[in-house]
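Remarks on the structure that follows.
The chains referred to below are lettered A, B, ... by the order of the sequence lines, with proteins before strands, and numbering in each begins at 1.
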Number of protein chains: 2
Amino acid sequence: MEFPKENFSEWYQEVLENAEIVDNRYPVKGMLVWRPFGFQLRKLVTDWLRELMVETGHREVLFPTVIPETFLKKEADHIRGFGEEVYWVTHGGTSPLDVKLALRPTSETAIYPMFSLWIRSHADLPLKVFQIVSVFRYETKHTRPLIRVREVSTFKEAHCAFASKEDAEKEMEIIDKAYRAFWDEMGIPYLVIQRPAWDKFAGAEKTIAFDTLMPSGKTLQIATSHMLDRKFAEVFDVKFEKPDGTRDHVWLTSHGISERAIAALIGVHGDDRGLVLPPRFAPTQIVIVPIVFKGKEEVVLEKAREIKEMLEKRWRVVLDDSDRNPGEKFYFWELRGVPIRVEIGPRDIQNGVVTLVRRDTGEKMQVSEGELEGALDSLAEEIHESIAKKARNWFKGRIKDVESIEEIKNLDNEPVIIRAPLCDHWEECGKKVQDQITKELRGIDLDHKPREGSNCVVCGKPAKFLGVWSNAY
Amino acid sequence: MEFPKENFSEWYQEVLENAEIVDNRYPVKGMLVWRPFGFQLRKLVTDWLRELMVETGHREVLFPTVIPETFLKKEADHIRGFGEEVYWVTHGGTSPLDVKLALRPTSETAIYPMFSLWIRSHADLPLKVFQIVSVFRYETKHTRPLIRVREVSTFKEAHCAFASKEDAEKEMEIIDKAYRAFWDEMGIPYLVIQRPAWDKFAGAEKTIAFDTLMPSGKTLQIATSHMLDRKFAEVFDVKFEKPDGTRDHVWLTSHGISERAIAALIGVHGDDRGLVLPPRFAPTQIVIVPIVFKGKEEVVLEKAREIKEMLEKRWRVVLDDSDRNPGEKFYFWELRGVPIRVEIGPRDIQNGVVTLVRRDTGEKMQVSEGELEGALDSLAEEIHESIAKKARNWFKGRIKDVESIEEIKNLDNEPVIIRAPLCDHWEECGKKVQDQITKELRGIDLDHKPREGSNCVVCGKPAKFLGVWSNAY
C-alpha cells in the first residue's frame, strides 16, 4: 500500500518542530507552545471557523476557565465520562478552597447555569453562543501534539438552547452544513458518522462526528455535534415561559471543533518536504526569491521589491532577501507550505517575465509581469482545488467497502477504513464485529446507504446502515 | 466637586449588567462571563492593541495556562510577590500530581524557559513576542468586575529579549509610544509614572505604569512596562552567543495591558444614561430608528432598510425595527453607547432628510439624504475628538499641583490626584508624605517637571521630580 509519508508519526513531529508550529518542550507533558508561525496558521483556521459560526447566528462569548466541582458533578453521565480526566484546583495561595475548581474539560456545566439566568421566555430563544478557549484533560494515554493533549488550547464550542425538539434538530442540520463547509474549504475529506451509544458525548442523547483519515491509517475525530435533549436543562433548571404562560425546559445542543483541525490540515496535505497548505490557510501565501548574480544584485532586488509591493495589497507575501542561497530558501519556505514561489533572476527581468513554482506539484511556469496578478489568482484557485481533490481521492481509496466478516478480518491490519452493511440493530451487530478485530466500530455512515438487497454482515437480516470500523487516534 | 456619575460604583455595576457587557453571577467569585455585546467591545479593544503590537515588531504566540511550581519559584522576588495569590492545580482525576501546577499569574516563568531554547546567537535577537490570555490571581481584596478579578480573562503580555541594555531601553521607549497611541485612540487620559521600589513588578528593576482616573476619584493602573534587566535570564539560563564567540545573558523586558482597558473606557466616558463610546470602539456605531405612524409603516421601513444597506458597507449599523416604541429604543441604544442615532419619519422622507442624534451631547441635526455619508464621517470624527477632549479636561481638572505638605493634607480626602515636588531621594521623601495621608505614593510623573526653583515638600532640598499621590483601585 502506497504512503505519502513513510513514517507518519516521525514526519509529523519533525514538521511541527522544523516549521515552528508548536513547541513540545514546554515543561508540562501534553501542553504545547504555539510559536509565531503556528499561531498565524491557527488564526487563519479559527478566523474561518468564527466566520461560519457568526454566519449561522451564533454569538461569541467568553466564560471562566474553571467550573466549581458542585456544578461539574450535577449531571451524572457527564461526570462519569469526564471525572477521571479532570484537573482540580484545590488551593488559593496556601489556603484550601471551600469548593474545588475544575479546569473545564468542556463547558456545558459552566454555560447552562448562566442560560438558566438569561432565558426567561420563548422570546429569548433560540439562544446560540460559542467560544474559542482552552479545555483541559488529564490524559493518561500517550499524548501527541494537537491530537491528544492535556491542554487543548484551541477549542471552539457552541452551545444552543431551543423551545422545541424540532428547533434543536434544525440546529443539528445547520451545524452539519457549516461543518461540511469548514472542512471542504480546508480540503479535508471526512465521513459523517453517528456514534454508537457507548461512544457518545457524556450526557448526550445522540452524537454526530466527523472523522478524517491520517496518513498513518488511523482515523481522527475532527468535529462533534451533540443532541443533548433536556437532561442538562433539567439538572440546571433552564426553563422558559411559553406563549400560553406555562413553563418548560429548553432543548440543548452543543458542537465542538478543536485544534485537531490544524493537525488534519498538516497531516492530510503534507508531503516529504513538509507542509502543503491551501492558499487561504497559508500564513505566507507567496514567497519572492530573488536569484542574484554578482553585479546584478541591485537590479534584481529592486524588481523583487517592486513586485512585492504590487502583490502585498492582496496576498500575504514575503520577500526573502536574506543571505541564504536560493536552495536553502526553497527548502525553508517549502517546509512552511508556502503555496507559490516567485523567482526573479536577471534574465527574467530582461525578458519581462517571472517564474512561478507551485508548492503542491513542484510545477514551474513563466508568466509575463503584466499577467502576473491574474496568473496568481487562477493559480491559487487551481492549487486549492488540486490539493482538495488529491486528498479526496486518497481518502476514497482508503475506504474499503465489503460485505462479509471474512473480508473485514482480512483488512483488519490494513491502514484503511472498513465499511460494511449492518441491520437495524447496528450497535449490537457492529459491536460483535468489533469484538473479532483490532479496529473499532466508529458508528454508521450518515451519507451512504448499503447496496440494495445487501444483508447485515453479522445477523444476515436486511441491511439498513453502513457500519464504519477503523483504528483511531 | 462636580461628578459625572453620582455614585460611581453603583453606576458601574448597573451599566455592566444592563448593557450586557459582563455577567457577575457566575458561581465563582471574581470570575466573569463576557456576554455577546461585551465580547464585541472587548474584541474591538484587543484588535487595536494587537495591531499596535504587530506594528512594533511583536509576534503573537500562545503559551500553556499552567506553570510548574518548580519554574514559578525559580526567581525569588517573583514568587515572593505572587506566591500568596497563586491558584494551585494539585490533582489530575483522583491522582495527586508529581509537581503542582500554578494557574499563571503572569507568564515570565513560562516564557523565559522557552526563550532559553529558542535563543542561540545574537542573530536570534531581538526576540519580541506577545500573547492575549487569561491570568489568575487569588485576590483576597474586594473584587470588582474588570478591575480586580480572580481571572483576568484579557491580559496582553509582551515579552522581549535583547543583546544589550541599550536595546532593552529602546524597547521601553517603543512600548511607551505604542501605549500612548493605544490610550489616545480610546480617548483615555493618563499619567505616565515610574513606580517606587516597593511597588515595582515582582522581579523587575524598574516599572513604568500608566494611571488614569475613574469618576470615583480613584486612580486605575491601566498599563505597565517592566525593565527586568538580567535577573530572569540568569535564573532561566537565557544566553546568546555574541559575534565574538563569547556567551552572555540576554536583557529582558515585559509589558502588560489588561481588561482594565475596557473598565477605563466605560468609566471615563460614560454618563447617566450609560455607555458613551468613541465610534471606533462601539460594537454598534449607528442605530437607525424608524419613527412610524399608522398607515406610513411600510414607506418608512423601506427607506430605513435602504439607508441601512447604504451605510453598512462602512459602519456597524443596526436597524431597530422591533415592536418597542421609539422612547424605549432610544433608551436601549443609548445605554449601549451607540454614538449616532439616525431617525427617519414620514415627514423626513417627504423633505428628503434624516435626523442625526449624537449620543455624547444629545445634539440633533438634520441632513439631506445625499449628504448623509459625508456628514456621518465628519460627525464620527467630531464625536471622537469631543469625547477625548472632555475626558482630558476633566482629568486635568482633577490633578492638583501643590507645593507644601499642608496643601497635600488639605486635599487628602478629595477625589483627586495630588502632585508635588520631590527631591532626588523621591522614594524616601514621597513615602514620608504617604505616611501622613490616606493617599499613596504612585511614583514620579515622567512627563512633567517641577516648577523651576521649587523645593521638595519634605526635606526642602531642590526639587527634581513631581511626586504623585492618589487613592487607587
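Contacts with chain B were tallied for A/Val28, A/Val129, A/Val133; A/Val28 has the most, counting heavy-atom pairs under 4.5 Å. Interface summary for chain B: among A/Gly93, A/Ala102, A/Pro64, the most heavy-atom pairs under 4.5 angstrom belong to A/Pro64.
In this structure, chain B has no heavy atom under 4.5 Å from any part of A/Pro113. Using a 4.5 Å cut-off between heavy atoms, A/Ala110 touches chain B through backbone and side chain atoms alike. Only the side chain of A/Met114 comes within contact range of chain B, with heavy atoms under 4.5 Å apart. Within the 4.5 angstrom heavy-atom criterion, no atom of B/Val22 approaches chain A. B/Ile111 does not touch chain A: none of its heavy atoms, backbone or side chain, sits under 4.5 Å away. Looking at A/Val99, neither its backbone nor its side chain comes within 4.5 Å of chain B, counting heavy atoms on both sides. For a residue to count as touching a neighbouring chain, one of its non-hydrogen atoms must lie under 4.5 Å from one of that chain's; by this rule A/Phe82 does not touch chain B.
Side-chain atoms of B/Phe63 and A/Val33, non-hydrogen and from C-beta on, do get closer than 4.5 Å to each other.
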Once you leave out hydrogens and angles, what donor-acceptor pairs under 3.5 Å do chain A and chain B share?
from: A/Asp23; atom 1: OD2; to: B/Trp118; atom 2: NE1; distance (Å): 2.8
from: A/Tyr26; atom 1: OH; to: B/Val66; atom 2: O; distance (Å): 2.7
from: A/Trp34; atom 1: N; to: B/Leu62; atom 2: O; distance (Å): 2.8
from: A/Trp34; atom 1: O; to: B/Leu62; atom 2: N; distance (Å): 3.2
from: A/Leu62; atom 1: N; to: B/Trp34; atom 2: O; distance (Å): 3.2
from: A/Leu62; atom 1: O; to: B/Trp34; atom 2: N; distance (Å): 2.8
from: A/Thr65; atom 1: N; to: B/Glu151; atom 2: OE1; distance (Å): 2.8
from: A/Thr65; atom 1: OG1; to: B/Glu151; atom 2: OE1; distance (Å): 3.4
from: A/Thr65; atom 1: OG1; to: B/Glu151; atom 2: OE2; distance (Å): 2.5
from: A/Val66; atom 1: O; to: B/Tyr26; atom 2: OH; distance (Å): 2.7
from: A/Val86; atom 1: O; to: B/Gly93; atom 2: N; distance (Å): 2.6
from: A/Trp88; atom 1: N; to: B/His91; atom 2: O; distance (Å): 2.8
from: A/Trp88; atom 1: O; to: B/Thr90; atom 2: N; distance (Å): 3.0
from: A/Thr90; atom 1: N; to: B/Trp88; atom 2: O; distance (Å): 3.0
from: A/Thr90; atom 1: OG1; to: B/Thr90; atom 2: OG1; distance (Å): 2.7
from: A/His91; atom 1: O; to: B/Trp88; atom 2: N; distance (Å): 2.8
from: A/Gly93; atom 1: N; to: B/Val86; atom 2: O; distance (Å): 2.6
from: A/Trp118; atom 1: NE1; to: B/Asp23; atom 2: OD2; distance (Å): 2.8
from: A/Glu151; atom 1: OE1; to: B/Thr65; atom 2: N; distance (Å): 2.8
from: A/Glu151; atom 1: OE1; to: B/Thr65; atom 2: OG1; distance (Å): 3.4
from: A/Glu151; atom 1: OE2; to: B/Thr65; atom 2: OG1; distance (Å): 2.5

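Closest heavy-atom contact between B/Pro68 and A/Pro27: CG-O, 3.7 Å.
To the nearest 0.5 Å, atom CG of residue A/Leu62 and atom CG of residue B/Leu32 are 10.0 Å apart.
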